[in-house]
Peer 1: 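Below you will find the structure I want to go over with you.
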Amino acid sequence: MKKISAFLLVLVMVASIISTSIVVTSAAGNQLLKSYDAAADGELLYEVKFGETEGVYKSAYIAAGNKNDPSTFNPTFSADKREMTIAYTPDSSRRIWYGGEIEGLTLGAGKNYTFTFKANYDTGNSNAGVYFNFPNSFASDDLVLRTEYNLLRGIYGTPDVRNTIAVGGGKGTGKYISSDQRYITATNGGAVFARNADGWHDMAIEIEGYTYRLYVNNTLFDEANLADENLAVAGKLGLVIYLYNSGTFSIKDVNLYKGATMKGIAQKGAWVVDTPNNPNSTNKLLKTYADAKDGDLLYEVVFNAADGVYVPKVWDNNHKSGGDKPWATDPLIDIEVSADGKSVTFTNKGADGSCWWGNVINGLEVTKDTKYTYEFKAKNNIGGKQVGLGWVTDPNQMMKECYNFYGRFSTVGDSQAQVVIEQCSSKIAGELMGTTDYTPIFPLADADGFTNVKVEIDGFMFYVYYECMYEAGGTTWTLFEQYDMANPEKLSLSVKDNSLAAMFYIYNANTSGTFKDVKIYKGLLAPKASAEETTTPEVTTPKETTPAVTTTATPSTTTKAPVVTTEAPKAEKGCGSVVVGGIAVVAIVTLAGVAVSKKH
């Protein structure tokens with residue numbers, strides 16, 4: 001009897017082991033093959049299966065644009081769940097989001113992945129997207145109104161017709177050929193990729209920390225960056241499929257590897273220029289920041305460079321009547337660079353529409369400890385029209401985070417010069433005048449009509465000066481405004497990954513502006529007081545009731561003048577005063593032949 005009992009116990013144990021084995025095997029069919037930390041670069045982490053309700057990737061409808069009825073999209077799966085097709089033939093345009101997170105994997109610094117997959121696009125009017133990140137949480141359960149999908153990043157379009165970097169249901173900005181709100185097609189010098197013999201495109205998405213790259217048929221299509229703000233709310237690794245308009249999209253054989261595995265094997269298209277690292281480029285920094293001393297010229301911007309540390313390109317061209325015309329053939333925008341590359345003229349010949357053009361200057365980072373002086377000459381060619389130049393931006397977000405000086409830099413006809421500080425195209429209040437309104441300025445124009453501008457960038461503080469006529473004779477540099485880019489109570493950069501830039505902006509119809517001689521020096525080089533000067537040139541201020549205060553400083557000190565306020569009905573045309581809420585504010589600093597008026 002004891003032998004029988006022992007035998008039965010063994011049978012039960014074996015059955016339990018078999019049962020456990022079956023459960024584990026079943027679960028392993030939709031699990032990570034290895035954890036991120038356990039895998040070596042190049043190892044397969046996961047073979048994606050669609051339509052599973054258990055396991056590491058539970059894909060499902062996450063939003064639908066057909067009156068909350070996703071069933072009209074009719075997804076179908078292969079027997080092994082390795083292929084999915086979404087077909088949709090509506091009576092009008094609709095959109096669908098399908099996918100989910102891949103549990104246990106996140107994005108960010110030091111996290112590198114590669115998705116490889118095959119895609120088959122309908123040749124009709126369909127556009128499909130493939131995205132690699134997923135929201136950390138959802139604000140609501142509404143299948144239509146979730147704004148989290150604006151945080152997704154990937155590729156969108158139809159590779160054999162049109163392509164673009166994708167930003168959650170829209171078009172993004174890439175490093176090489178993609179331009180915000182523009183498809184890249186065969187007709188505008190972009191890439192068109194033929195289908196393989198089996199009718200599919202071989203595609204890959206490579207993520208290397210904050211950088212991601214898109215590949216079609218083993219060719220680099222474009223590259224872009226993630227921002228901290230994006231990862232803070234959508235930092236999970238995921239796979240989301242998007243379909244818009246009637247048509248069919250199929251995706252299969254999606255594999256996820258650890259590491260950025262495509263860089264060493266994929267070819268670069270002719271449109272890809274590795275701008276910062278071309279050893280043969282003559283467009284280089286004159287000195288690195290570390291090797292330079294205060295006062296040294298670091299770089300003079302070259303506007304017609306094809307490679308090197310600064311290669312300008314269009315980042316946005318959003319005309320109301322421009323259609324989908326790319327910048328290169330857009331009759332509404334004309335960008336003319338001088339033969340020596342030191343001057344650029346922007347002309348918007350059509351209806352109102354924004355255009356950002358330029359780039360970061362590789363190698364000139366902005367940190368809490370760096371100190372630069374950025375100078376340029378600016379001129380408005382048409383009265384009453386504004387143009388702008390930006391000098392600091394976040395390379396991950398380009399024009400979205402660009403600080404710029406915008407307005408009328410010169411008096412043309414009856415149009416008084418007036419300017420404002422902006423972040424991208426949003427006017428921001430500085431710390432002196434505290435206004436987001438355009439402020440009249442009275443610049444000194446040279447023989448060609450240009451105004452001289454200097455911007456000191458002291459860590460995350462910037463100070464904007466312009467040169468103007470001095471009422472008592474001679475010229476003066478006037479401090480127009482100052483701003484703390486790191487102040488969390490204001491619009492500000494993330495102060496993590498910032499760079500000097502030369503980004504030009506134009507908006508209004510029938511507008512033209514010219515910028516030239518853009519130079520960047522190490523150190524704070526706005527006019528400084530001399531120890532020998534003890535007198536201040538006479539300045540006329542309206543109805544002044546309190547005398548101006550004169551200060552001096554050693555040659556190595558930048559003077560921050562005390563401020564004296566005087567009641568005044570309005571400001572007169574002169575550098576020495578400006579009216580803020582009915583108060584004329586005056587502060588004069590003596591210079592060696594030059595007076596600095598610091599406005600408050």
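Position 1 is the first residue of the sequence, and the numbers go up from there. Hydrogens, waters and symmetry mates are skipped; everything else that's a heavy atom, side chains included, is used.
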Peer 1: Quick one: do Val337 and Val344 satisfy side-chain contact (heavy atoms from CB on, under 4.5 Å)? Show the steps, please.
Peer 2: CA-CA 4 Å; Val337 178; Val344 60; 4.0 Å; yes
Peer 1: Mind checking what makes ring-ring contact (aromatic ring centres under 6.0 Å, His included) contact with Tyr215, not counting sequence neighbours?
Peer 2: none
Peer 1: Phe346: what forms a ring-ring contact (aromatic ring centres under 6.0 Å, His included) with it, not counting sequence neighbours?
Peer 2: Trp357, Phe504
Peer 1: Please find the pair of heavy atoms, one from Pro312 and one from Asn359, that lie closest to each other, and give the distance.
Peer 2: CA-CB, 4.3 Å
Peer 1: Does the side chain of Val455 come within less than 4.5 Å of Tyr372's, by heavy atoms?
Peer 2: no
Peer 1: Checking the side chain of Thr435 only, and the main-chain atoms of Asp437 only, is there a donor and an acceptor separated by less than 3.5 Å?
Peer 2: yes
Peer 1: List the atom of Leu297, the atom of Lys519, and the distance in Å for their closest heavy-atom pair.
Peer 2: CD1-CB, 3.8 Å
Peer 1: Would you confirm whether the ring centroid of Tyr505 sits within less than 6.0 angstrom of the ring centroid of Tyr406?
Peer 2: yes
Peer 1: Would you check if the side chain of Asn348 reaches a backbone N or O of Tyr507 as a donor-acceptor pair within less than 3.5 Å?
Peer 2: yes
Peer 1: How long is the gap from CG on Asn452 to CH2 on Trp477, to the nearest 0.5 Å?
Peer 2: 4.5 Å
Peer 1: Taking all non-hydrogen atoms of both residues, which atom of Val412 and which atom of Asn380 are closest, and how far apart?
Peer 2: CG2-O, 3.1 Å
Peer 1: Pair Thr478, Phe442 - check side-chain contact (heavy atoms from CB on, under 4.5 Å), show working.
Peer 2: CA-CA 10 Å; Thr478 294; Phe442 306 96; over 6 Å; no
Peer 1: Does the Asn133 side chain pair with the main chain of Ala234, one donor and one acceptor, at a distance under 3.5 Å?
Peer 2: yes
Peer 1: Are any of the side-chain heavy atoms of Lys516 and Asp448 separated by less than 4.5 Å?
Peer 2: yes
Peer 1: Can any side-chain N or O of Trp356 pair as donor or acceptor with the backbone N or O of Met503 at less than 3.5 Å?
Peer 2: no
Peer 1: I need the Leu479 CG to Met433 CE distance, nearest 0.5 Å.
Peer 2: 8.5 Å
Peer 1: How many angstroms lie between atom CD1 of Ile441 and atom OG of Ser410, to the nearest 0.5 angstrom?
Peer 2: 8.5 Å
Peer 1: If we check ring-ring contact (aromatic ring centres under 6.0 Å, His included) with Tyr483, which of these qualifies: Phe460, Tyr463, Tyr403?
Peer 2: Tyr403
Peer 1: Scan for salt bridge (Lys or Arg N to Asp or Glu O under 4.0 Å) pairs involving residues 357-376, sequence neighbours excluded, and state none if there are none.
Peer 2: Lys371-Asp458, Glu375-Lys454
Peer 1: Please tell me if the side chains of Asp222 and Lys175 come closer than 4.5 Å, counting only heavy atoms from C-beta onward.
Peer 2: yes
Peer 1: So Gln267 and Thr219, side-chain hydrogen bond (donor to acceptor under 3.5 Å, both in side chains) or not? Walk me through it.
Peer 2: CA-CA 5 Å; Gln267 64 181 344; Thr219 300; 2.8 Å; yes
Peer 1: Counting C-beta onward and ignoring hydrogens, is there a side-chain heavy-atom pair between Trp391 and Val518 closer than 4.5 Å?
Peer 2: no
Peer 1: Check whether any side-chain N or O of Glu456 sits under 3.5 Å from a backbone N or O of Ala526 as a donor-acceptor pair, and report yes or no.
Peer 2: yes
Peer 1: So, taking the atom named CG in Leu364 and the one named NZ in Lys522, what distance separates them when rounded to the nearest 0.5 Å?
Peer 2: 11.0 Å
Peer 1: If the condition is side-chain contact (heavy atoms from CB on, under 4.5 Å), which residues does Thr436 pass it with, not counting sequence neighbours?
Peer 2: Lys427, Ala429
Peer 1: Could you tell me whether the side chain of Glu481 and the main chain of Glu431 form a donor-acceptor pair under 3.5 Å?
Peer 2: yes
Peer 1: With a 4.5 Å heavy-atom cut-off, do Tyr310 and Phe303 have their side chains touching?
Peer 2: yes
Peer 1: State, yes or no, whether a side-chain contact exists between Lys263 and Arg213 at a heavy-atom distance under 4.5 Å.
Peer 2: yes
Peer 1: Is the shortest heavy-atom distance from the side chain of Phe450 to the side chain of Phe409 under 4.5 Å?
Peer 2: no
Peer 1: If I take atom CD1 from residue Ile457 and atom CE from residue Met485, how far apart are they, to the nearest 0.5 angstrom?
Peer 2: 6.0 Å
Peer 1: Given Thr261, which of Asp41, Thr114, Asn112 fulfils the side-chain hydrogen bond (donor to acceptor under 3.5 Å, both in side chains) condition?
Peer 2: Thr114
Peer 1: Looking only at non-hydrogen atoms, find the nearest pair between Pro440 and Gln416 and report the distance.
Peer 2: CB-CG, 4.3 Å
Peer 1: Tell me, do Ile207 and Lys111 make a side-chain contact under 4.5 Å, heavy atoms counted?
Peer 2: no
Peer 1: Provide the closest heavy-atom pair for Ala292 versus Leu298 in the form atom of the first, atom of the second, distance.
Peer 2: CB-CD2, 3.5 Å
Peer 1: Do any pairs count as a side chain to side chain donor-acceptor pair (under 3.5 Å) and have a residue in residues 288-303, sequence neighbours left out, and if so which ones?
Peer 2: Asn283-Tyr299, Lys287-Asp296, Thr288-Asp291, Lys293-Asp296
Peer 1: Could you go through the side-chain contact (heavy atoms from CB on, under 4.5 Å) check for Thr393 and Asn498 one step at a time?
Peer 2: CA-CA 6 Å; Thr393 193; Asn498 301 314; over 6 Å; no
Peer 1: When you look at Arg153 and Val167, which way does the side-chain contact (heavy atoms from CB on, under 4.5 Å) test go after all the steps?
Peer 2: CA-CA 5 Å; Arg153 297 294 185 268; Val167 179; 3.1 Å; yes
Peer 1: Going through the distances and angles, do Ser512 and Asn381 end up as a side-chain hydrogen bond (donor to acceptor under 3.5 Å, both in side chains)?
Peer 2: CA-CA 5 Å; Ser512 179; Asn381 301 318; 2.9 Å; yes
Peer 1: Would a line drawn from the ring center of Phe405 to the ring center of Tyr466 be shorter than 6.0 Å?
Peer 2: no
Peer 1: Give the minimum heavy-atom separation between Cys355 and Ile333, together with the two atoms involved.
Peer 2: CB-CD1, 3.9 Å
Peer 1: For the atom pair OH (Tyr212) and CD1 (Ile165), what is the distance rounded to the nearest 0.5 Å?
Peer 2: 5.0 Å
Peer 1: Which residues satisfy the ring-ring contact (aromatic ring centres under 6.0 Å, His included) test with Tyr113, sequence neighbours excluded?
Peer 2: Tyr36
